[in-house]
Participant: 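One structure follows; several queries about it will come next.
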Amino acid sequence: MTLNISEDILKVSWIEEGMIMEKIVIEGGHELSGTITIGGAKNSAVALIPAALLADGICTIKNVPNITDRDALFDIVKLLNCTIEQDGSIIKIDSRNLENKLISEKLSVKLRASYYFMGVLLGKYKHVEIYFPGGCNIGTRPIDLHLKGFKAMGAKVTKRGHKYTLNADELHGAEINLDFASVGATINIMFAAVLAKGRTIINNAAKEVEIINIIDFLNKMGAKISGAGTDTLIIDGVTKLHGAEIEVIPDRIEAGTYILIGSLLGNNLKVEGIIPEHNTALFEKLEEMGVDFKIEGNSVILNKCEHLNPVNVTTLVYPGFPTDLGQPMSVVLTQADGACTIRETIWENRIGHYPYLQKMGAKIELEGNKATIMGKAHLKGTDINATDLRGGAALILAGLIAEGTTNIFDIDYILRGYENIIHKLTNVGAKIKLEEI
Ligand code: UD1
């Protein structure tokens with residue numbers, strides 16, 4: 001295995017020996033009809049799996065998406081001597097024989113969410129050894145806010161190279177003010193706080209719906225957390241947690257991606273199994289653009305339309321327009337009748353897909369974190385590379401609307417977070433396949 005490591009940015013770019021290299025091949029221009037069913041939320045599942053290790057017992061997690069990030073977490077869970085039983089999307093994790101071990105760099109860099117074992121093992125054992133996590137290269141992605149929280153609770157942090165060692169004689173409650181409402185820091189601090197002594201208060205906590213899902217799980221395990229969905233979380237530490245059952249909420253980002261695809265290619269395309277309220281900001285923007293969509297219970301039906309109004313989009317923390325949908329949205333903006341802007345406010349480097357959209361014929365000007373996109377562009381298929389998960393999804397959308405054939409390379413990024421994406425799209429009429437390189 002070869003790793004590209006540059007300072008604190010560990011780019012997940014590895015080639016395992018014997019790994020089959022594949023590309024995605026798309027023949028563009030086909031309308032999509034039928035039904036796409038949304039799976040469990042990646043960003044919930046990748047925290048719920050480590051959370052199960054906080055229990056002394058067996059936890060059941062339902063609706064776990066079949067993505068490679070899940071498998072990377074399973075490898076860490078098994079290293080820590082826990083067993084996993086899997087029946088389709090239902091997994092059972094038995095943590096009764098958990099052993100606290102060094103989590104190697106090879107396992108840590110496979111995904112961002114490996115850092116959740118920091119909070120979990122620190123909470124349970126007051127000691128953890130782990131490496132800087134991986135994840136998409138969309139910004140510097142520091143973990144200072146996570147560490148600030150752990151330190152406030154009494155942990156001592158030592159960093160040697162990319163390796164972090166955290167120790168505490170005792171973890172105690174603390175009042176922690178996050179400078180930014182970070183999703184990862186909120187969850188990680190919560191993981192350490194549920195087994196700490198006394199009360200922890202997290203101010204300016206993240207309010208993403210996935211966090212509510214995780215709090216629900218922890219409370220079912222016996223934790224005492226209040227304030228879910230608000231920016232102040234109060235956690236009263238307990239001495240022990242027990243096994244519990246939870247269902248992963250539907251993936252609002254996967255749903256949003258298919259909704260955006262449907263807005264350009266739908267012919268009565270149904271995206272089902274969604275919680276519409278989780279995508280309010282997206283639906284509001286689509287309405288402003290004049291997209292033809294109808295919400296019916298837990299589904300939305302989309303039809304493509306000839307004219308789309310130009311709009312301006314700014315990504316924000318929840319409940320604002322999600323940063324994870326900014327890149328797919330930028331492809332929709334290439335099809336509006338006029339100039340649109342999209343401003344990314346969460347990540348400083350979420351721009352990897354733009355050169356490839358330009359190569360396909362999109363007219364985009366980048367100025368700092370703002371892209372001005374001139375519609376309506378006629379996109380043509382060509383060879384392009386996924387540079388990150390959501391940028392990869394954006395390129396799939398571009399390939400689906402382009403004239404001719406698009407070949408997408410570096411597709412591992414996409415498979416990390418979209419379950420059965422080829423199958424789901426083929427099922428509704430897309431001409432898309434995996435091909436060995
Ligand atoms: C999570 C999501 C990701 C989403 C992001 C924002 C997961 C696995 N990933 O990522 O899909 O794009 O939320 O909705 O759930 N920051 C710091 N210091 C820290 C932590 C974060 O400066 O210690 C900054 C980051 O650099 C970034 C911003 O805060 O600019 C948001 O990061 P955060 O909310 O923590 O994102 P993740 O949890 O990594």
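Numbering of ligands and ligand atoms starts at 1, following listing order. In this chain, numbering begins with 1 at the start of the sequence shown.
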Participant: Counting only heavy atoms, tell me which of S182, A185, G326 gets closest to atom 35 (O) of ligand 1.
Facilitator: S182

Participant: Please evaluate residues S330 and H353 with respect to the criterion side-chain hydrogen bond (donor to acceptor under 3.5 Å, both in side chains), reporting the C-alpha separation (whole Å), side-chain torsions for both, the decisive distance (0.1 Å), and the verdict.
Facilitator: CA-CA 10 Å; S330 68; H353 63 306; 3.0 Å; yes

Participant: Does any N or O of ligand 1 fall below 3.5 Å from an N or O anywhere on Y116, backbone included?
Facilitator: no

Participant: Using heavy-atom distances only, which candidate in D179, N43, L316 approaches atom 8 (C) of ligand 1 most closely?
Facilitator: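 Going through D179, N43, L316 one by one, N43 has the nearest heavy atom to atom 8 (C) of ligand 1.
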
Participant: Return the closest protein heavy atom for atom 26 (O) of ligand 1 as residue, atom name and distance.
Facilitator: P142 CD, 3.4 Å

Participant: For A55, does its backbone N or O pair with a side-chain atom of K124 as donor and acceptor, under 3.5 Å?
Facilitator: yes

Participant: Of all the atoms in ligand 1, which lie at a distance below 4.0 Å from a heavy atom belonging to V183?
Facilitator: 1 (C), 13 (O), 33 (P), 34 (O), 35 (O), 38 (O)

Participant: With rounding to the nearest 0.5 Å, note down the distance linking OG1 in T37 to CD in E254.
Facilitator: 9.5 Å

Participant: Just heavy atoms, cut-off under 4.0 Å: does A113 contact ligand 1 by side chain, backbone, both, or neither?
Facilitator: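 No part of A113 comes within reach of ligand 1.
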
Participant: What atoms in ligand 1 come closer than 4.0 Å to a heavy atom of G184?
Facilitator: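 Those of ligand 1 that fall under 4.0 Å from G184 are 35 (O), 38 (O).
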
Participant: Among all protein non-hydrogen atoms, which one is nearest to atom 23 (O) of ligand 1, and what is the separation to 0.1 Å?
Facilitator: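 The closest one turns out to be L145 N, 2.7 Å.
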
Participant: Taking atom CD of Q86 as the centre, report whether more than 12 heavy atoms of other residues, nucleotides or ligands fall under 6.0 Å from it.
Facilitator: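 Yes, enclosed.
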
Participant: With heavy atoms under 4.0 Å as the rule, classify the contact between H146 and ligand 1 as side chain, backbone, both or neither.
Facilitator: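 Both of them.
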
Participant: For ligand 1, which atoms have a heavy atom of D324 less than 4.0 angstrom away?
Facilitator: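 Selected atoms, number and element: 3 (C), 4 (C), 11 (O), 12 (O).
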
Participant: State, with a plain yes or no, whether a side-chain heavy atom of D388 is found less than 4.5 Å away from one of N349.
Facilitator: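 Result no, sub-4.5 Å side-chain heavy-atom pair not found.
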
Participant: Within a distance under 4.0 Å of any heavy atom of R112, pick out the atoms of ligand 1 and give their elements.
Facilitator: 39 (O)

Participant: Can you tell which part of Y318 has a heavy atom less than 4.0 Å from ligand 1: side chain, backbone, both or neither?
Facilitator: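 For Y318, no heavy atom sits under 4.0 Å from ligand 1.
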
Participant: Of the side chain and backbone of T323, name the one, both, or neither that has a heavy atom under 4.0 Å from an atom of ligand 1.
Facilitator: side chain

Participant: Between Y418 and Y258, what is the ring plane arrangement, given parallel below 30°, perpendicular above 60°, and tilted in between?
Facilitator: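 The rings of Y418 and Y258 stand perpendicular, inter-plane angle above 60°.
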
Participant: State if A206 counts as touching ligand 1 under the rule of any non-hydrogen atom under 4.0 Å.
Facilitator: no

Participant: What verdict does the salt bridge (charged side-chain N to carboxylate O under 4.0 Å, His left out) test give for E129 and K163, after you've listed the backbone C-alpha separation in whole Å, the side-chain angles of each residue and the deciding distance to 0.1 Å?
Facilitator: CA-CA 7 Å; E129 285 178 82; K163 186 182 165 201; 2.9 Å; yes

Participant: What is the nearest protein non-hydrogen atom to atom 24 (C) of ligand 1, stated with its residue, atom name and distance?
Facilitator: F180 CD2, 4.6 Å

Participant: From the options T387, D324, T345, N137, select the one residue that forms a side chain to side chain donor-acceptor pair (under 3.5 Å) with R350.
Facilitator: D324

Participant: As an exercise, identify every atom of ligand 1 less than 4.0 angstrom from a heavy atom of Y115.
Facilitator: 37 (P), 38 (O), 39 (O)

Participant: I'd like to check which ligand 1 atoms, numbered from 1 as shown, lie under 4.0 Å from a non-hydrogen atom of I346.
Facilitator: 27 (C), 28 (C), 30 (O), 31 (C)

Participant: Among all the protein's non-hydrogen atoms, which is closest to atom 5 (C) of ligand 1, and how far away is it?
Facilitator: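 I find the closest protein heavy atom is W347 CZ2, 3.8 Å.
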
Participant: Between N188 and Y115, is there a donor-acceptor pair closer than 3.5 Å when you use the side chain of the first and the backbone of the second?
Facilitator: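 Indeed, once roles are kept as given, a pair shorter than 3.5 Å links the two residues.
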
Participant: Around atom 18 (N) of ligand 1, find the nearest protein heavy atom and jot down its residue, atom name and distance.
Facilitator: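 Answer for atom 18 (N) of ligand 1: D144 OD1, 2.7 Å.
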
Participant: Do F409 and M21 come within less than 4.5 Å of each other through their side chains, counting heavy atoms only?
Facilitator: no

Participant: Does ligand 1 have any atom that is closer than 4.0 Å to a heavy atom of R350?
Facilitator: yes

Participant: Answer yes if the ring centres of Y164 and Y131 are under 6.0 angstrom apart, and no otherwise.
Facilitator: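 No, they do not, as the ring centres are separated by 6.0 Å or more.
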
Participant: Counting heavy atoms only, which of K148, E344, E210, R141 comes nearest to atom 39 (O) of ligand 1?
Facilitator: R141

Participant: Is a side-chain N or O of N369 found less than 3.5 angstrom from the main chain of E344, in a donor-acceptor match?
Facilitator: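 The answer is yes, because a donor-acceptor pair under 3.5 Å joins these two groups.
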
